[in-house]
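Structure first, commentary second.
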Amino acid sequence: DSVRRAFMEGASVADLAREHYSAEDAREGRARVIAQLKGWKTLQHELDAAIVFGGARRDLLARCIDEGVVGEHEVAERARRLATDRRLVRNVRKREGGGWV
């Protein structure tokens with residue numbers, strides 16, 4: 001949880017890897033941090049909201065791409081799914097009231 005919370009507060013993947021996985025090499029530490037973030041449903045929901053609503057949420061989306069948490073191709077694929085699946089968009093809209101950002 002501390003890795004996830006720190007990332008949402010602005011800590012970089014590299015900084016988190018150094019702090020939490022100092023015994024491992026930098027690449028392995030980064031991979032572990034990214035794996036934790038990729039598996040985090042709250043972050044996935046926030047990225048969906050960034051795709052659907054845009055605005056300031058796009059900063060988080062851009063940061064996740066820059067940090068290597070998600071790839072541009074993954075974002076493009078998710079945007080296509082959100083554009084064609086009304087159920088997914090409805091779920092994003094239901095969650096809109098809470099969470100980060």
Side-chain angles (χ1 to χ4, degrees):
D1 286 343
S2 64
V3 168
R4 294 169 174 173
R5 186 176 17 262
F7 181 79
M8 293 304 281
E9 292 171 354
S12 72
V13 170
D15 289 343
L16 291 167
R18 278 191 296 275
E19 180 180 339
H20 293 276
Y21 302 105
S22 60
E24 301 178 26
D25 73 20
R27 188 170 47 195
E28 181 61 30
R30 281 182 52 79
R32 289 182 63 150
V33 169
I34 288 170
Q36 287 182 35
L37 296 172
K38 279 185 175 267
W40 190 24
K41 288 291 184 191
T42 299
L43 181 59
Q44 293 171 11
H45 294 162
E46 289 299 327
L47 296 179
D48 282 351
I51 293 168
V52 171
F53 300 113
R57 295 172 185 264
R58 292 278 183 176
D59 292 342
L60 176 62
L61 182 61
R63 185 167 161 244
C64 285
I65 292 169
D66 290 345
E67 294 270 3
V69 176
V70 295
E72 290 181 17
H73 64 284
E74 293 171 289
V75 173
E77 178 58 33
R78 189 62 178 174
R80 279 192 287 280
R81 288 212 44 218
L82 287 163
T84 60
D85 189 334
R86 289 179 186 255
R87 180 187 53 83
L88 289 175
V89 173
R90 190 170 43 250
N91 288 340
V92 171
R93 290 182 190 282
K94 281 183 185 179
R95 287 189 301 265
E96 174 54 21
W100 297 89
V101 181

Inset, instruction - Only counting residues at least two apart or in another chain, list the ones meeting side-chain hydrogen bond (donor to acceptor under 3.5 Å, both in side chains) with R81. - result: none
Inset, instruction - Would you please test Q36 and F7 for side-chain contact (heavy atoms from CB on, under 4.5 Å) and show each step? - result: CA-CA 11 Å; Q36 287 182 35; F7 181 79; over 6 Å; no
Inset, instruction - Work out which heavy atom in L82 is nearest to a heavy atom in V89; give both atom names and the distance. - result: O-CG2, 3.0 Å
If you look only at distance, which donor and acceptor atoms sit under 3.5 Å apart when one is on a side chain in residues 27-35 and the other is two or more places apart or in another chain?
unit_1	atom_1	unit_2	atom_2	d
R30	NH2	E67	O	3.0
R32	NH1	E24	OE2	2.7

Legend entry - Between OG on residue S12 and CD on residue E19, distance to nearest 0.5 Å: 10.0 Å
Inset, instruction - State, yes or no, whether a side-chain contact exists between L43 and L60 at a heavy-atom distance under 4.5 Å. - result: yes
Inset, instruction - Under the side-chain contact (heavy atoms from CB on, under 4.5 Å) rule, what do V75 and I51 come out as? Steps first, then yes or no, please. - result: CA-CA 8 Å; V75 173; I51 293 168; 4.2 Å; yes
Inset, instruction - Would you please name every residue forming a salt bridge (charged side-chain N to carboxylate O under 4.0 Å, His left out) with R63, sequence neighbours left out? - result: none
Inset, instruction - Report the residues that fulfil side-chain hydrogen bond (donor to acceptor under 3.5 Å, both in side chains) with N91, sequence neighbours left out, ordered by chain and then residue number. - result: none
Legend entry - Neighbour count above 12 (heavy atom, 6.0 Å) for D66 CG: yes
Legend entry - Test item: R95 side-chain N/O and H45 main-chain N/O as donor-acceptor pair under 3.5 Å: no
Inset, instruction - Please list all pairs passing the side-chain hydrogen bond (donor to acceptor under 3.5 Å, both in side chains) test where one or both residues lie in residues 69-78, with sequence neighbours left out. - result: K38-E74, D48-R78, E77-R80
Legend entry - Closest approach of R58 to A50 (non-hydrogen atoms, all atoms of both residues): NE-O, 3.4 Å
Legend entry - Pairwise distance CZ(R5) to CG(L16) - rounded to 0.5 angstrom: 11.5 Å
Inset, instruction - Could you walk me through whether C64 and E46 pass side-chain contact (heavy atoms from CB on, under 4.5 Å), step by step? - result: CA-CA 11 Å; C64 285; E46 289 299 327; over 6 Å; no
Legend entry - Contacts of type salt bridge (charged side-chain N to carboxylate O under 4.0 Å, His left out), residue D59, not counting sequence neighbours: none
Legend entry - NZ-CZ distance between K41 and R4, expressed to the nearest 0.5 angstrom: 11.0 Å
Inset, instruction - Supply the atom-to-atom distance W40 CH2 to M8 CE, rounded to the nearest 0.5 angstrom. - result: 5.0 Å
